[in-house]
Structures are given as structure tokens and as C-alpha cells.
Number of protein chains: 2
Amino acid sequence: MARTPVQVTEAAPTSRGGLRREAFLKAALEVFLEQGYEAASMAEIVTRAGGSLTTLYNQFGDKQGLFLAVISERVQLLTASMFVELSAHTPVETGLTRIAEQSVTKLLEPASLELYRLILGLGAKFPDVATAFQKNGPDRVSAALAAYLADRAEAREIEIEDPVEAAYLFISLARAGLVTRALLDPEFRPCADDIKASVRTCVNLFLNGVRPRPAT
Amino acid sequence: MARTPVQVTEAAPTSRGGLRREAFLKAALEVFLEQGYEAASMAEIVTRAGGSLTTLYNQFGDKQGLFLAVISERVQLLTASMFVELSAHTPVETGLTRIAEQSVTKLLEPASLELYRLILGLGAKFPDVATAFQKNGPDRVSAALAAYLADRAEAREIEIEDPVEAAYLFISLARAGLVTRALLDPEFRPCADDIKASVRTCVNLFLNGVRPRPAT
DNA sequence: GGACACTTGTAATATTCATTACACTTAGTT
DNA sequence: AACTAAGTGTAATGAATATTACAAGTGTCC
């Protein structure tokens, strides 16, 4: 009956069921990311995880249940890791750079990127997964950045009308370049320095624009 | 033997085979967009298109052949429609607004958006499709914009170091906000005015940044 | 009008896969 | 040690589905 013990802190499980469950989730993630939802086979997952098909069904109900369990767990981890705390007094270049590097770096890790691809591709079939990602990831990062930008505007470091909109734009700008390209071009694997360079350009553009300004 | 007559201009075909082929492509597009590649069924496509399974196989070989035929045709159309010619003397606000509105509007049409979703989702399985999209769509738009920006820089309307990078950033910025949100949130269907507003914000940000500037 | 190529409808074929049944073994608890 | 709940391995079951075969129809061109 898939008795999932309520376990608030997802510590390393050591019970038999817990171990099995972990192995299943790990193998399922692999297979779903490699082959996509439809093409993934339950038998293949069991082959990689060890254990038996029966147990797999007992623990997760059916294929969709397994998929949702795997994906929501990973979305949780990914969105949490994209987040970064910004203390209000951090200078604006530093804050923007930090938040952009963190979120872009995480999203570009191969496992994250393929997860993101899966979420995007199945947005029509599993809208809840897509929405959960949006709410817990991008939206939370955006909200934190908005608060920070509002503070920086108070300090006269920047001039913006709508901090929420500005935050969303900056995040989009930072993410769009590398991540979109990586999704479309399998050869494109930016390294840490590429990310730093891209973020620097974005921060600079966001702050200064391209219009000539008189020397200060 | 799938005798595809070489027909440079894809005018309305009137031959028997041509008509059948058109109906197949139309139905296949529908089904692939609705259900995805794996879940789409050849039988369902024939049911919608009329005609017979045998003819479908004669014309396209197999499922993958049909898929590639449909998708590359639509990618062609979509990427062509995203493009916009910019004459060099157009003022920079106008040029940026025009190119962004065109490409974002096209990409947000439901059929285009689902096509884009399909391309992204299958990027790992059909990398050539993804690459073709990138090369014929975003890259070409980017290149045209880069040339235009270089010209505007000559005219001292803007100051940029690398027109290609600047163009890519602007396009990413313009596209990312609405398109990414639309991919993740099925409820989110921006109207023409939303697009105009978003583009205006992007153009403004791209040109001016958020840093305070002394009154001119 | 007749030949020929293409098309049609239907029914195999053969494979894959989710899901379940069953008989048996094992781990953890008292 | 015995009991119980869960796990294992294997093999049904049943449904989809891609793909092919075949017999007969139909439009087109001479």
C-alpha cells in the first residue's frame, strides 16, 4: 500500500523500503531524463535499480505516480539550489552578479538542463509540474531580487519604476542567452568562465544600457 | 517510392499525390503537437487526414520520416516569419521594437509555441531539428540585428563593443520574458498589447539600463 | 477505352510495454 | 525461533502500435 513514512527532513533513509525507494528514484530519474516520459520503460528502470517490478508498483502506484514523485523531488532540489540570499547593503553589481551566476550555473548542469527540458516538453501534459517549477524557482528568485532592487533604488544606486518587472527582466536576460542556446545546441557546453563572462555582460547591459552617456 | 517532386516554390499542389501529402502533413502536425512524438499514433493521423495508412508509409517511409518532414517544413515557415528586414537608417527605437515585436508575436502563436516546445523537448533525440531551428531562426534574426546595430553605432546612436553579442542579448531579452512564461504556464496567453508593453520595456532597458543618468 | 501507377481498406504481424498474479524468500520484531 | 509484512522473480495478460501484405478500386494519360 505504498506506506510512505512521513519524514520531514529527507535524511538518508536506512530502512529496507527507504533504500529501495532511493534506488528506484535514482534509476527512474536517469531513464526519464535520457528517454523522455513516454519512451521510458518501467522494466528498464527496475533493471537499473535492482529490485523487482512488483515493489516498484507497490511504492509508486503507476508510471505517472513514479514520474511525478521523481520530478517533484528534483524540481524541489533544483529550485532550492537556484536561490540565493541577498543582504540589502550589497552593492548592486555584486548582488546581480551573484544571483545570476548562481541560477545560471545550476541550470546549466547537465542533469538540471535535461530536467528543465523535460519540464518544458511536458508542460502541456503535466501542467502542474511546470507551474510548480515556475512558482518555486524563477518566481522566488525573482521576488528576492525584486526586494533587493527596491532597496538599491532607495539607495539611489539605480532608478526603476517597477522592481518586480525589473527583477524578472534581469533574470530572463541572464538566463536566456546561455540556457536557451544550450537547450537547442547539444554541442554547446559553457564552462564556468563562459558563464562569468556572460553574466558580466548582462549585468553591464542591465545597469548601463547601450545609449551613450556623458562622462560623469 | 515516395516520389517527392522537386518543387522549389511550395505553391498549392494540385496533383493527387500532392493533395494527399498536404493532408497528411496537416494532420500529422496536429497530432504531433497535441500528443508529442512518442504518443502520436500513425493510425490517428490517417484517421484525421483521410486516405490510407499504406499511402502514408509510401510517401514518408516511416514515423520518423513523417515527423522530420512535418517539423522541418514548419520550422522553415516559423523561422522565415520571425525574420524582418531593417533598413539601415531606421532610428534605433523603431528598429528594435519592430524586430522584437515580430519575432515574439510569431513565437507566441499557439501553433508556434507548441512547435517550439516540441523542438526543445526533443532536442536530445533529434538534435538536427533543434540546430536547424537555431540556425535558421534566432541566428539569422540575430545576424540581421547585429548588422543593423553596427550601423546605428556608426551613427553614434548607441555605443557597443560587440554588435553580435549585443544583438543576441537583445533578442534573448525580448523573447525570454513572455515566451518562457508561456511555455511554463498554460494559462498565460498574452495579447497583442501585452506584447507591445513587454517589448517597450525591453527596448527601454536595452537602450538606457537602470543606472541613473544626468539629465541631458 | 485501356494500361499503369498510385491509392484504398482491411487485416495480418510482431513487438513493446504497462500492469497484475502468484508462489516463494527475506528482514525485522516479539 | 516464529510471525508478519514487505520484497523478489518470473511469467501471464491485455492493450497499443509501428509496419507490412494483399486484393481491389480509381484517376490519369495515351
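Naming: A, B, ... by sequence-line order, numbering from 1 per chain. The model shown is predicted, which means the values in this text are computed figures rather than measured ones.
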Atom pair distance, as rounded to whole Å: [atom1] in [X] and [atom2] in [N]:
X	N	atom1	atom2	value
B:Glu44	D:dA18	CD	P	10 Å
A:Met42	C:dT20	CE	C1'	12 Å
A:Phe32	C:dC17	CZ	C1'	13 Å
A:Tyr57	D:dG9	OH	P	17 Å
A:Leu53	C:dC22	CG	P	16 Å

Task: Atom CD of A:Gln35 with >12 non-hydrogen neighbours under 6.0 angstrom - done: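 Yes, because the 6.0 Å sphere around CD of A:Gln35 holds more than 12 heavy atoms from other groups.
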
Open item on the list: Is the ring pair B:Phe133/B:Tyr116 parallel, tilted or perpendicular, if the boundaries are 30 and 60 degrees?
Closed with: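 Tilted, since the angle between the ring planes falls between 30° and 60°.
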
- [ ] Ignoring backbone atoms, test whether A:Gln59 places a side-chain nitrogen or oxygen under 4.0 Å from the OP1 or OP2 oxygen of D:dG7.
- [x]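 True: A:Gln59 side-chain N/O within range (under 4.0 Å) of D:dG7 OP1/OP2.
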
Open item on the list: Students often get this wrong, so: under 4.0 angstrom with heavy atoms, is A:Thr54 touching a base, only sugar-phosphate, or nothing?
Closed with: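 Base: the residue A:Thr54, judged by heavy atoms under 4.0 Å, touches a nucleobase.
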
Task: Out of D:dA18, C:dT19, D:dT20, whichever nucleotide has its closest atom nearest the side chain of B:Lys63 - done: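 Looking only at side-chain atoms, B:Lys63 lies closest to D:dA18.
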
- [ ] State which of D:dA18, D:dT8, C:dT8 makes the closest approach to the side chain of B:Arg20.
- [x]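 Within the option list, the nearest is C:dT8.
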
Open item on the list: Regarding D:dA6, can its base be found pairing with the side chain of A:Thr55 as donor and acceptor, where the two atoms are less than 3.5 Å apart?
Closed with: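 Per atom types, no contact qualifies.
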
Open item on the list: Assess whether a salt bridge exists between B:Arg21 and B:Glu73, defined as any Lys/Arg side-chain N lying under 4.0 Å from an Asp/Glu carboxylate O.
Closed with: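 No, this pair does not count.
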
Open item on the list: So if I apply the side chain to side chain contact (heavy atoms under 4.5 Å, CB included) rule between B:Ser81 and each of B:Leu77, B:Val84, B:Leu78, B:Thr79, which one comes out positive?
Closed with: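 Single pass found, and it is B:Leu78.
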
